[in-house]
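The sequence lines fix the lettering, A, B, ..., with proteins before strands; numbering per chain opens at 1. Values reported hereafter were calculated over all heavy atoms of this structure, with side chains retained and with hydrogens, waters and symmetry mates removed.
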Amino acid sequence: MEYGFRDIERKWQDAWKQNKAYKVDNNSPKPKYYVLDMFPYPSGAGLHVGHPLGYIASDVFSRYKRLKGFNVLHPMGYDSFGLPAEQYAIEHGIPPAISTEYNINTFRSQLDKIGFCYDWDREVRTSNDDYYKWTQWIFLQLFDSWFDRKSQKARRLHELIDIFSSEGNANIPCPGDKHLHFTASDWKAFNEKQQADILMHYRIAFCGIGEVNWCEALGTVLANDEVINGVSERGGHPVVKKKLRQWYLRITEYAERLLAGLDTVDFSDSMKDMQTNWIGKSFGAEIDFDLVSENMLAEGKKLKVYTTRPDTIFGVDFMVIAPEHELVKQITSSGQASAVTEYIDYVNSRSERERMAEKKISGVFSGAYCKHPFEERQIPVWISEYVLAGYGTGAIMAVPCGDERDFKFAQHFNIPITNIIGSHFNGVDANPTKEAILENSGFLNGTKMLDAIAISITKMEELGIGKRQTNYRMRDAAFSRQRYWGEPFPIVWKNDIAYALPVSSLPVALPQLSDLKPGPDGQGPLANLPEWTAFEGGTREVNTMPGYAGSSWYFLRYMDPQNKQEFCSREASDYWGQVDLYIGGTEHAVGHLLYSRMWTKALFDLGYIGFDEPFKRLVNQGKIGGDSRLVYRVRGTKQFVSAGLKDGYETDEIHVDVTLVDGFDLDMDGFKKWKPDFADASFITEEGIYKCGSRLEKMSKRYFNVVNPDDIVVKYGADTFRMYEMFLGPVEQDKPWDTKGIEGVHRFIKKLWRLYADAEKGIVLTDATATDASWKAFYKMLKKVEEDTARFSFNTAVSCFMIGVNELTDLNCHSKDLLSKLLIILAPYAPHISEELWSVAGNQGSVLDSNYPSVEEKYLVETSKEYPIAINGKTRTTIELDVNLSQQDVEKLVMAEPVVIKWLEGKSPKKIIYVKNKMINVVI
RNA sequence: GCCCUGGUGGUGGAAUUGGUAGACACGCAGGACUUAAAAUCCUGUUCGCUGAAAAAGCGAGUGCGGGUUCAAGUCCCGCCCGGGGCACCA
């Protein structure tokens with residue numbers, strides 16, 4: 001009876017599908033457990049062996065939890081809307097709906113071969129209208145909400161309107177326009193358009209004009225997390241700042257809660273740090289400086305700056321405002337007018353990328369001054385792009401002795417520097433210390449800087465010239481894309497007012513469109529459909545939602561995927577609650593994770609769900625790198641020289657498809673057939689073998705180092721593949737793929753098989769009770785496998801199986817009782833062979849629904865242990881000792897050891913350290 | 001520059017709280033079975049030194065340099081290198 005994994009795996013995959021082995025019910029007396037994978041965007045390239053790593057880990061854990069008596073939700077779906085899918089569709093000339101469907105089918109067939117325990121009845125696709133209906137619905141809830149800073153939660157807009165009608169906005173500062181102030185009677189007097197504009201400034205999902213990241217090549221705006229180093233994350237196209245009307249999510253209002261929530265979840269430190277840094281909270285002060293300018297427009301105006309170091313107020317030598325600052329025009333003196341205009345033009349001519357690439361010091365004097373609040377001196381106001389319009393107040397007080405950028409700027413423009421930190425400032429570099437005792441600092445003289453921060457703020461508050469202020473670096477998230485393949489907004493514009501469409505009209509279906517060219521005036525492709533945009537006397541919103549819209553809440557839909565009345569019933573979300581274990585890559589650290597955390601908080605605030613953090617625990621799987629193979633072509637010829645001989649030639653390195661290489665040995669005939677270019681290649685070999693070079697790099701088509709899981713499954717089976725992926729190393733860690741290494745795991749599985757069945761003799765299981773030694777081997781394995789599985793140390797768990805099977809083989813164990821138990825603990829890792837042998841052994845039911853065995857400690861009790869004896873910390877010998885011996889007994893036995901006697905050289909030891917169950921150390 | 005990670009044999013990695021460094025595999029070398037191959041099995045495998053060899057022994061050894069400790073891959077201080085994130089954020 002051979003291990004015919006192909007038949008076995010197909011047989012059980014079919015059986016499980018037929019009897020709905022992975023169907024999950026929302027009603028169960030068992031405790032719930034929710035395991036979630038970050039769902040994939042179904043790319044055209046299909047899966048390579050790196051992708052399923054996280055899926056296998058979560059699958060193993062789900063199956064383990066199920067055997068431990070939990071009702072486990074473990075769903076899968078597709079993030080099928082979004083820019084990449086649309087780009088793919090455009091590049092291949094296929095409508096995105098069709099290419100997406102096709103790509104999903106490819107993914108699905110690949111996933112199916114690996115034997116996952118997903119409940120496919122719960123599959124979601126973000127681009128299906130029965131899904132995006134609810135994405136639109138949630139958008140409408142956010143559109144109909146505002147964030148109450150006092151209670152720190154989202155509330156309904158009608159409550160805000162009630163407040164406005166009774167007291168204006170005196171107690172509700174406007175997040176969208178802080179200069180906005182009105183009374184109750186003002187409110188009542190406003191017309192519909194004015195009221196709508198004001199409400200828009202409060203809505204959590206809002207439309208506004210703002211500086212956005214515009215990517216010309218992609219024809220759309222991008223969110224901050226989609227821009228890396230001034231170019232688009234996808235495609236690497238240049239990105240420029242542009243003022244546009246856009247939809248946004250007011251995620252900044254949630255900054256504090258997003259920060260606080262991190263303390264309640266189990267994410268890695270680096271993940272929490274990334275989010276914390278992205279939010280970028282800082283403490284400081286806002287200070288008003290009186291302006292002095294010959295320009296009449298500056299009359300009575302103040303310049304408001306934000307600083308985290310108000311203690312350095314006496315070290316201010318100049319002010320800097322952003323080129324986009326609203327005061328630029330008003331304060332510029334006539335003498336400086338042309339220089340300022342020229343500078344602003346220069347700044348506007350520079351793309352984001354240029355600014356990033358060459359950070360040269362630039363700026364212009366405005367001609368205006370500020371009065372120092374505590375001293376009779378005037379401070380020049382400069383304009384420079386190193387101050388960002390979007391952060392703080394868009395203006396700073398520059399303290400060159402303490403801040404590196406201010407220092408460089410002062411040096412560049414020969415601005416005199418005031419030293420307030422004495423010897424801490426050397427005149428060559430700025431020193432941002434907080435330890436110095438202040439000098440040249442008026443009432444702060446003699447105070448330590450750290451203490452002066454609070455003192456100075458208090459003073460400024462007394463004088464009414466400044467106040468304590470907390471700032472966040474995070475910006476509101478751009479929420480519209482000028483693209484086709486996304487959720488249409490359920491919004492219609494009439495007389496420049498955005499009206500929400502009624503819930504009854506959802507979903508607003510994405511119309512079919514064959515030509516995806518941009519619409520006029522930078523609008524999306526939907527603008528090309530006048531018959532669609534014209535709607536009930538108004539115009540539909542033609543932007544679509546970004547890729548992260550659907551993924552911000554998909555974990556909720558899995559709980560209740562077929563619900564036609566609600567996005568997810570409260571009953572279902574109360575039952576399943578938070579995702580207990582979320583597995584995915586780090587690339588979503590600040591994008592997807594922040595957005596879905598925010599959506600969860602908003603839905604919680606509005607009473608739709610009962611928890612405000614979506615993911616209780618997050619595990620980031622590492623990436624699997626490709627192991628590329630290289631051949632060396634002698635320059636200018638069609639001759640290829642083997643890696644060991646290449647140093648004697650001038651060569652060009654060429655990537656060769658890894659499937660043409662066994663280890664490092666090139667299949668030369670295969671190589672010739674691979675590409676027409678190489679058909680007449682000749683080889684300089686090492687004793688008839690052409691050795692390739694190798695390099696570890698990203699697994700990618702262009703390096704020809706992609707390994708397809710389908711090929712591995714055909715050759716070794718899904719069980720081997722699953723176990724090998726787990727065996728490769730810790731899940732969280734990046735690691736290279738080495739197809740050769742899989743042999744070891746495959747051998748293990750075959751060896752396991754032989755405990756149950758023999759090629760000639762057939763089934764070799766016996767009813768005889770297993771020996772104590774076998775039970776000991778088994779329980780040792782069980783204990784370690786369970787511990788390791790529970791702490792996601794899957795690689796060591798696989799080792800334990802190997803050790804256990806090696807031991808049971810040596811012990812010649814064929815006990816049906818023992819080996820059936822072994823199948824249960826193996827099933828999470830290798831479900832197919834476990835199920836097959838479970839039925840071969842004549843067990844009832846499915847191994848998937850067995851009870852995880854518990855450890856019988858009595859077999860693990862040790863009466864003696866082999867202790868290492870160290871002399872001065874260095875192990876010299878070992879000794880077998882009874883575990884219950886006293887210190888005195890041990891000392892006596894140790895002193896009698898020949899090796900110890902030899903090292904003592906007749907002296908007596910200073911001390912003998914005996915740590916029970918660990919070791920013995922003799923100190924000489 | 002700042003923050004976070006990681007650095008262990010030829011390779012992937014193990015060592016959960018300071019207690020036998022290198023588990024388990026890959027690869028390699030040798031052997032058994034076979035006409036042969038595949039498959040399978042066995043033995044060895046951190047490096048260096050002393051042994052003809054085996055047995056055995058000695059020395060060094062977890063990126064580098066210090067330290068704490070009876071004992072350090074693990075803890076502390078100072079560096080170096082790789083990976084990831086952020087980057088005029090006042």
What distance do A/His588 atom NE2 and A/Met38 atom CE have between them, rounded to the nearest 0.5 Å?
6.5 Å

To the nearest 0.5 Å, what is the distance between OG1 (A/Thr739) and NZ (A/Lys715)?
8.0 Å

What do the steps show when you test A/Asp317 against A/Thr418 for side-chain hydrogen bond (donor to acceptor under 3.5 Å, both in side chains), and what is the final call?
CA-CA 7 Å; A/Asp317 290 313; A/Thr418 307; 2.5 Å; yes

How would you label the contact of [X] with the nucleic acid (heavy atoms, under 4.0 Å): base, sugar-phosphate, or nothing?
X: A/Asn471; answer: nothing
X: A/Ser270; answer: sugar-phosphate
X: A/Asp406; answer: nothing
X: A/Leu728; answer: sugar-phosphate
X: A/Ile913; answer: base
X: A/Lys910; answer: nothing
X: A/Arg791; answer: base
X: A/Arg876; answer: sugar-phosphate
X: A/Val798; answer: nothing
X: A/Phe727; answer: base

Short N-O contact, [X] and [Y], less than 4.0 angstrom:
X: A/Lys302; Y: A/Asp288; answer: no
X: A/Lys740; Y: A/Asp738; answer: no
X: A/Glu897; Y: A/Lys902; answer: no
X: A/Glu404; Y: A/Lys408; answer: yes

Distance below 4.0 Å between [X] side-chain N/O and [N] OP1 or OP2:
X: A/Thr276; N: B/C3; value: no
X: A/Lys740; N: B/U11; value: no
X: A/Trp903; N: B/C58; value: yes
X: A/Gln733; N: B/G13; value: yes
X: A/Arg473; N: B/A87; value: no
X: A/Thr875; N: B/A21; value: yes
X: A/Tyr391; N: B/A90; value: yes
X: A/Lys902; N: B/C58; value: yes
X: A/Asn795; N: B/A14; value: yes

Would you measure the distance from the [atom1] atom in [N] across to the matching atom in [M] and give it in whole Å?
N: B/C28; M: B/U69; atom1: C1'; result: 40 Å
N: B/A36; M: B/G27; atom1: P; result: 23 Å
N: B/G78; M: B/G19; atom1: P; result: 25 Å

Carefully, step by step, assess A/Phe721 and A/Tyr716 under the rule ring pair (Phe, Tyr, Trp, His ring centres under 6.0 Å).
CA-CA 7 Å; A/Phe721 176 64; A/Tyr716 299 100; 9.7 Å; no

Could you give the NZ-to-C1' distance, from A/Lys751 to B/A39, as a whole number of Å?
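Atom-to-atom, A/Lys751 to B/A39, this comes out as 14 Å.
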
Atom CD of A/Glu880 and atom C1' of B/U20 are separated, to the nearest Å, by 13 Å

What pair of heavy atoms forms the shortest contact from A/Leu860 to A/Lys776, and how long is it?
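That would be CD2-O, 3.8 Å.
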
Which nucleotide in the list [options] gets nearest to the side chain of [X]?
X: A/Ser799; options: B/C70, B/A23, B/A90; result: B/A23
X: A/Arg747; options: B/G19, B/C26, B/A25; result: B/C26
X: A/Lys918; options: B/G19, B/G61, B/A23; result: B/G19
X: A/Pro868; options: B/C88, B/U20, B/C41; result: B/U20
X: A/Asp273; options: B/A14, B/C4, B/A90; result: B/C4
X: A/Asp788; options: B/U17, B/C88, B/U16; result: B/U16
X: A/Leu388; options: B/U20, B/C88, B/C70; result: B/C88
X: A/Asp269; options: B/G83, B/U17, B/C4; result: B/C4
X: A/Asn806; options: B/U20, B/A25, B/C70; result: B/A25
X: A/Arg754; options: B/A90, B/U40, B/G19; result: B/U40

With RNA chain B as reference, determine whether A/His746 or A/Gly741 sits nearer its 5' end, using the nearest nucleotide of each.
A/Gly741

So which nucleotide does [N] pair with, by the Watson-Crick or G-U wobble rule with both distances under 3.5 Å?
N: B/G9; result: none
N: B/A60; result: B/U46
N: B/G51; result: none
N: B/C86; result: B/G1
N: B/U40; result: B/A32
N: B/G19; result: B/C70
N: B/G65; result: B/C77

Side-chain H-bond candidate by donor/acceptor type, A/Tyr867 with A/Glu880, under 3.5 Å
no

Quick test: give all pairs of protein nitrogen or oxygen and nucleotides 44-47 of chain B nitrogen or oxygen below 3.5 Å, distance rounded to 0.1 Å.
none

Within the supplied structure, the quantity of interest is the number of heavy atoms (other residues, nucleotides, ligands) at a distance under 6.0 Å from A/Lys304 NZ; does it exceed 12?
yes

Would A/His814 and A/Tyr756 satisfy ring pair (Phe, Tyr, Trp, His ring centres under 6.0 Å), going step by step from the backbone distance to the final call?
CA-CA 7 Å; A/His814 298 287; A/Tyr756 300 79; 8.7 Å; no

Mind listing the N/O atom pairs, protein and nucleotides 71-79 of chain B, below 3.5 Å?
none

Could I get the full list of side-chain hydrogen bond (donor to acceptor under 3.5 Å, both in side chains) partners for A/Glu587, not counting sequence neighbours?
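Partners of A/Glu587 under the side-chain hydrogen bond (donor to acceptor under 3.5 Å, both in side chains) test: none.
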
What orientation do A/Tyr3 and A/Phe5 show, parallel under 30°, tilted 30 to 60°, or perpendicular over 60°?
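If you compare the ring of A/Tyr3 with that of A/Phe5, the planes turn out tilted.
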
